[in-house]
Structures are given as C-alpha cells and as structure tokens.
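Because the structure is predicted, anything quoted here is derived from the model rather than measured. Worth knowing before you read on, the calculation uses all heavy atoms, side chains too, and leaves out hydrogens, waters and symmetry mates.
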Amino acid sequence: MSESYWRFVEPIWDTVSIYDGGDVFLTEFNKATDKQKTLFAAHWAQSEIMNGGLGQLFSNPTGVLAPEAVKAFEVIGMPKCAEALHNAMKFFGHTYPRDRAARETIIEQFYETNGEDAIPLEELEDIIATEIEDENGGFEEAADRYANQG
C-alpha cells in the first residue's frame, strides 16, 4: 500500500491561502516544493469539480488556482483533465481572471444572456468529471503515483 499524496498537501494546507486573492495565493504557493504545489492545485481543483462542477471551481475562491491546476493535471499524468480545464478557462476571455469578482461578473453576464437555466461549460464539465474518475487510473491513483515518485 503506497502512502497517500495527502502527505504533501497537508503541510501547506493552512499556509497557502486561496481566499486572499491572486497575489497572496501566488506568494504563499511559490514557497512550497514543486511536488506540494502540484498536488495542492490538483487536489483543490478535482475536489471542487467533483463536488459542484466547473461552476463551483470558478465561482469559489478556489478558482484563483485554476492555471496551476492545469499544469498540475499535466504533471500527474492527466492531460485530458488539463486540456478540459484549460478550455473551460477560455470562457473567461483571453486572460484568465484570478479575481473572484471578475469571474462572477462573467458568469452573471452568461446567465443574463442565456437564461438562468443555462449551464455554462456543460460539455467540458462532463468531460472533466469523467476524466477525473478514469484518466490514468483516476485522480487519487494518479496523485499517489506522482507523490511516490523519487
């Protein structure tokens, strides 16, 4: 039985803030090791997506780390997840906004244009949820495998 990837996430869980904006997040995040950064970003993204979809990831403070999550999925061997998340980020324009209020404004504009029952990014949401469960053995297996690499 291999050790869980969580042993890399736990030491930075309370020190890397996703709640205080992009600058604070990046300053704290960049103090971590590469393995910690990869597993932290991938964990948060998959957790939010599997709990409430891409809408939850992007509308919550966690959306601040979406660019890092794309890279993290690549690093742990989940390129289809990375691609789906990268494509979903394009919903917000050429430059992805780390600012939560900016993301919320874009989401609100979508609903005003398309109606409250419309689901932004529905196709990509289905793709990424499936890949999180299946690609490279599923997220936990891929994360554990990466964590246990020398």
Side-chain angles (χ1 to χ4, degrees), residues 2 4-22 24-26 28-30 32 34-111 114-148:
S2 67
S4 167
Y5 75 90
W6 188 253
R7 72 186 187 279
F8 289 98
V9 176
E10 187 173 29
I12 64 169
W13 188 254
D14 292 325
T15 59
V16 177
S17 176
I18 60 166
Y19 302 104
D20 299 309
V24 171
F25 165 72
L26 288 171
E28 294 172 355
F29 184 77
N30 286 322
D34 287 345
K35 198 165 274 200
Q36 286 174 319
K37 290 189 288 191
T38 296
L39 294 167
F40 182 88
H43 170 80
W44 261 120
Q46 68 83 30
S47 179
E48 292 286 273
I49 292 165
M50 297 309 285
N51 187 44
L54 289 166
Q56 180 169 317
L57 173 69
F58 292 135
S59 64
N60 281 351
T62 322
V64 74
L65 59 68
E68 289 72 24
V70 170
K71 180 180 176 188
F73 283 133
E74 283 282 345
V75 170
I76 68 170
M78 300 183 83
K80 292 176 185 173
C81 285
E83 181 181 17
L85 183 54
H86 176 73
N87 289 336
M89 289 167 57
K90 293 176 184 177
F91 173 81
F92 296 96
H94 180 69
T95 302
Y96 177 79
R98 288 191 189 266
D99 180 70
R100 182 181 183 189
R103 293 190 310 272
E104 287 177 334
T105 297
I106 293 167
I107 292 168
E108 287 171 15
Q109 290 169 346
F110 172 87
Y111 286 125
N114 297 285
E116 290 296 319
D117 292 334
I119 301 173
L121 306 166
E122 184 174 18
E123 182 178 327
L124 288 170
E125 187 163 291
D126 292 343
I127 290 169
I128 198 167
T130 298
E131 296 304 337
I132 286 171
E133 291 180 347
D134 298 337
E135 187 176 20
N136 197 8
F139 171 74
E140 281 196 39
E141 190 173 312
D144 284 345
R145 190 177 310 110
Y146 171 74
N148 291 316

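- Looking at N136, its side chain never comes within 3.5 Å of a backbone N or O of A142 through a donor-acceptor pair.
- Every side chain to side chain donor-acceptor pair (under 3.5 Å) that E68 has, sequence neighbours left out, goes to R98.
- N51 and Q56 make their closest contact through ND2-NE2, 3.0 Å (heavy atoms, listed as atom of the first residue, atom of the second, distance).
- Atom-to-atom distance recorded for W44:CH2 and L65:CG is 8.5 Å, nearest 0.5 angstrom.
- Interatomic distance, CD1 of I49 versus CG of L57, reported as 5.0 Å (0.5 Å rounding).
- Residues V64 and I18 approach most closely at CG1-O, 3.8 Å, considering heavy atoms.
- Residues passing the side chain to side chain donor-acceptor pair (under 3.5 Å) test with T105: none are found, sequence neighbours excluded.
- With sequence neighbours excluded, the residues forming a ring-ring contact (aromatic ring centres under 6.0 Å, His included) with F25 are F29, listed by chain and number.
- A search for ring-ring contact (aromatic ring centres under 6.0 Å, His included) contacts involving Y111 returns nothing, not counting sequence neighbours.
- The main-chain N or O of H43 is found under 3.5 Å from a side-chain atom of Q46 such that the two form a donor-acceptor pair.
- When every heavy atom of S4 is checked against every heavy atom of R7, the shortest pair comes out as O-NH1, 3.0 Å.
- The closest donor-acceptor contact from the side chain of R103 to the backbone of N60 lies under 3.5 Å.
- In terms of heavy atoms, L39 sits closest to A147 at CD1-CB, 3.9 Å.
- Residues satisfying the side chain to side chain donor-acceptor pair (under 3.5 Å) criterion with E74, sequence neighbours excluded, are absent altogether.
- Separating the OH atom in Y5 from the CD atom in Q36 is a distance of 14.0 Å, to the nearest 0.5 Å.
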**Request:** Evaluate ring pair (Phe, Tyr, Trp, His ring centres under 6.0 Å) for F58 paired with F92, printing each intermediate quantity in order.
**Result:** CA-CA 10 Å; F58 292 135; F92 296 96; 4.9 Å; yes

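- The structure places CD of E122 at 11.0 Å from CD1 of I127, a figure rounded to the nearest 0.5 Å.
- Under the 30°/60° scheme for interplanar angles, the aromatic rings of F139 and F73 are found to stand perpendicular.
- Under the rule for a side chain to side chain donor-acceptor pair (under 3.5 Å), S59 has no partner lying at least two apart in sequence or in another chain.
- Residues G63 and P67 come closest through the heavy atom pair O-CD, 4.5 Å.
- Residues forming a ring-ring contact (aromatic ring centres under 6.0 Å, His included) with H86 (at least two apart in sequence, or on another chain): none.
- By the salt bridge (charged side-chain N to carboxylate O under 4.0 Å, His left out) test, E104 pairs with R100, sequence neighbours left out.
- The line from CD1 of I128 to NZ of K80 is 13.0 Å long, rounded to the nearest 0.5 Å.
- Panel note: side chain N148, backbone D144; a donor-acceptor pair is recorded below 3.5 Å.
- To the nearest 0.5 Å, atom CG of residue N87 and atom CG of residue L121 are 10.0 Å apart.
- Sorted by first and then second residue, the salt bridge (charged side-chain N to carboxylate O under 4.0 Å, His left out) pairs involving residues 8-22 (not counting sequence neighbours) form an empty list.
- Residues meeting the ring-ring contact (aromatic ring centres under 6.0 Å, His included) test with Y19, sequence neighbours left out: none.
- Pairs passing the salt bridge (charged side-chain N to carboxylate O under 4.0 Å, His left out) check and including a residue from residues 125-141, sequence neighbours excluded, read E141-R145.
- Proximity of a side-chain donor or acceptor of T38 to a complementary backbone N or O of K35 within less than 3.5 Å is not detected.
- Applying the salt bridge (charged side-chain N to carboxylate O under 4.0 Å, His left out) criterion to E108, with sequence neighbours excluded, gives no partner residue.
- Between N30 and K37, the shortest heavy-atom distance links the atoms OD1-NZ, 3.7 Å.
- The side-chain heavy atoms of F8 and F40, taken from C-beta on, include no pair separated by under 4.5 Å.
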